[in-house]
Amino acid sequence: MKQRTIHTDVIREAIDRLLYRANFVLPPEVREIFSGMKENEPGEIARMTLSVLEENALIAKEESLPLCQDCGAVIIFLELGQQVCLEGGNINDEIQCAVGDAYKKYYLRKSIVGDPLQRENTGTNTPCFIHTDIVPGNSLAITAYLKGGGSENMSRLQMFRPTASIEEISDFIEHSVIEAGPNPCPPLFLGIGIGGTADTAMLNSKKAVLRDLSSGNPDPYYDELEKSLCHRLNRTMVGPLGMGGRSTVAKVFIKPAPTHIAILPVALNMNCHSLRYAREVL
Amino acid sequence: MSWKHIQTPITEDIAASLRVPDMVLLSGTIYTARDRAHKRIIEMAAGGEPLPVNPVGQVIYYAGPSPTPPGKPVGAVGPTTSYRMDPFTEGMLSLGFRAFIGKGKRSDEVKKLLASYGAVYFSTFGGAAAYLSKRVVSSSLIAFEEFGPEAIYRFEIKDFPVIVTNDMYGGDLYESALQQRP
């Protein structure tokens, strides 16, 4: 494959477009999911809540108001083809600048503090958090993913014994979703990282929710597990925004990874109803 | 179920009239405050400093809006998760605040305090920040500008939708939901 040059100015422009889309335009598939859920909700408050979420998406898009006032920590996933030659500034610095510019230009909330204990707001919503994978090919795929604090605070990691049964793992997941209740703003897009090391499992729980929304898991074993978990979690009656109902989980996404003989990490990313990400391939 | 129309400030009689899961359209004045503003208000009260608002009967909205775009009264403004304000709730109630709007569960301690102070906890639609901003007529920054999104804003609201989530009789919307489990 031929080597290709991509200038960091082009990357900055892409980051700007992606952050606009992620903050103001809910993926249409998500709206369709809410609409379908309403048909299955007998409760007035649950149906009304789902209607409010649909209307919120319309207002956000038409009036360029952010979907959520918590415009998130920005997480950038780069899939960088190894035949790509980058030209211009340092890619990480350029991305940080593009994030700061977009959060100013689009009147987005700046929610990042520079130090976790001293907690001074950086005023730019940077730094963003960049994860880079080197992949075959000569293109660069960029995904901008926004994560609000309320749902991030409900993240979980459990290191199971390697002999743990699927029932034990399912119990943990159900217990975590009930315990979190209204706090992560259900209906949830539940990302589950299983395997790897503790850090890989957490990262995979984030990557998991970025899978094409209309697709099932490519592995039939995990596809079946996703469906059975979804069914089980929707019997908890946590419901939309925890106010009761059958729509607790919009979709379950599992991302497994090879792991060590002694360990079995299970990480949960309870993404709120506002699944905010956008992707572009350069 | 139909919506109850209520005007702020909230009197003890109004609080006493509210029960889970009443749906309420609030109008009048409310104040935003998040983690840092709570900490600061409690410190100011302890130090005998004058407070930025007269708290009696007032409603606190746990929220930090996105910046106001040109031509709009306010940016996007949905609720933040309430449990982070639990440690400050007794202090706020003792100052005279009588209602809180947020999202998510409260501690058992806070639920007891609502009963003893005759106060109420409302939740509103988490993550519906663009929708809720349309119910805010005007906003003004009144304190702690240096906190950025965590400053205190005064909002004039019209028919702002909230649901009684913890009332002064021990009612709990989220607990009731889980009891429906088959």
Side-chain angles (χ1 to χ4, degrees), chain A residues 23-24 43-46 48-49 52-71 103-104 106-111 113 119 121 123 148-151 153-154 178-186 235-246 272-274, chain B residues 1-3 20-23 32 34-36 62-72 74-84 102-106 123-134 146-151 161 163 165 172-182:
Chain A
N23 271 289
F24 298 103
E44 185 186 357
I45 291 181
M48 178 181 69
T49 301
V52 166
L53 301 185
E54 286 178 286
E55 200 177 334
N56 187 61
L58 288 175
I59 295 171
K61 192 175 174 187
E62 279 170 15
E63 300 208 22
S64 289
L65 279 164
L67 286 156
C68 184
Q69 79 288 342
D70 185 344
C71 304
Y103 271 65
K104 183 162 189 261
Y106 298 125
Y107 295 89
L108 300 170
R109 201 180 81 181
K110 291 86 180 166
S111 310
V113 296
R119 307 204 71 82
N121 196 308
S151 64
N153 270 336
M154 296 298 115
I178 291 173
E179 194 184 33
N183 295 4
C185 287
R235 289 170 64 85
T236 59
M237 293 306 280
V238 168
L241 298 179
M243 296 192 278
R246 297 171 179 169
C272 60
H273 59 73
S274 202
Chain B
M1 257 186 298
S2 61
W3 294 91
V20 171
D22 286 350
M23 307 189 319
T32 68
R34 294 172 45 105
D35 312 57
R36 285 176 81 184
Y62 300 142
S66 64
T68 306
K72 296 209 188 299
V74 72
V77 63
T80 194
T81 319
S82 306
Y83 73 83
R84 301 194 316 269
K103 65 155 173 111
K105 292 192 265 194
R106 307 310 301 263
S123 64
T124 187
F125 303 107
Y131 174 91
L132 290 171
S133 76
K134 306 303 281 180
E146 67 277 16
F147 291 176
E150 300 200 65
I163 296 171
T165 300
D172 185 327
L173 179 69
Y174 301 133
E175 289 296 327
S176 309
L178 294 177
Q179 281 159 18
Q180 305 298 314
R181 201 171 166 192

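Keep in mind that the numbers below use all heavy atoms, side chains included, and drop hydrogens, waters and symmetry copies. Owing to the predicted nature of the structure, the values given are computational and were not obtained by experimental measurement. The chains referred to below are lettered A, B, ... by the order of the sequence lines, with proteins before strands, and numbering in each begins at 1.
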Looking at side-chain heavy atoms only, is the closest gap between [X] and [Y] below 4.5 Å?
X: Asn153(A); Y: Thr81(B); result: no
X: Tyr107(A); Y: Pro70(B); result: yes
X: Leu241(A); Y: Pro182(A); result: no

> So which heavy atom on Asp70(A) is nearest to which on Gly148(A), and how close?
Replying inline: OD2-CA, 3.3 Å
> Which pair of non-hydrogen atoms, one from Ser123(B) and one from Met243(A), has the smallest distance, and what is that distance?
Replying inline: OG-SD, 4.0 Å
Which of the residues [options] is involved in the greatest number of heavy-atom pairs with chain B at under 4.5 angstrom?
options: Gly242(A), Ser274(A), Gly244(A); result: Gly242(A)
options: Asn121(A), Val52(A), Leu67(A); result: Val52(A)
options: His273(A), Lys110(A), Arg109(A); result: Arg109(A)
options: Gly239(A), Cys272(A), Cys185(A); result: Cys185(A)

> Taking atom NZ of Lys72(B) as the centre, does the number of heavy atoms from other residues, nucleotides or ligands within less than 6.0 Å exceed 12?
Replying inline: yes
Per-residue contact mode, [X] against chain B (heavy atom under 4.5 angstrom):
X: Arg119(A); answer: backbone
X: Ile178(A); answer: both
X: Ala57(A); answer: neither

Given heavy-atom pairs under 4.5 angstrom as the criterion, report whether the side chain, backbone, both or neither of [X] touches chain A.
X: Val74(B); answer: backbone
X: Tyr83(B); answer: side chain
X: Pro69(B); answer: both

> Going from OG1 on Thr165(B) to CG on Asp172(B), what distance comes out if it is rounded to the nearest 0.5 angstrom?
Replying inline: 8.0 Å
>> If I take atom OG1 from residue Thr80(B) and atom CD from residue Gln69(A), how far apart are they, to the nearest 0.5 angstrom?
In response: 6.5 Å
Option in [options] with maximal non-hydrogen atom pairs under 4.5 Å from chain A:
options: Pro67(B), Gly64(B), Ala177(B), Pro161(B); answer: Pro67(B)
options: Lys105(B), Lys103(B), Glu150(B); answer: Lys105(B)
options: Gly75(B), Ser66(B), Ser82(B), Gly104(B); answer: Ser66(B)

> Does Gln180(B) have any side chain to side chain contact (heavy atoms under 4.5 Å, CB included) partners at least two apart in sequence or in another chain, and if so, which?
Replying inline: Met237(A)
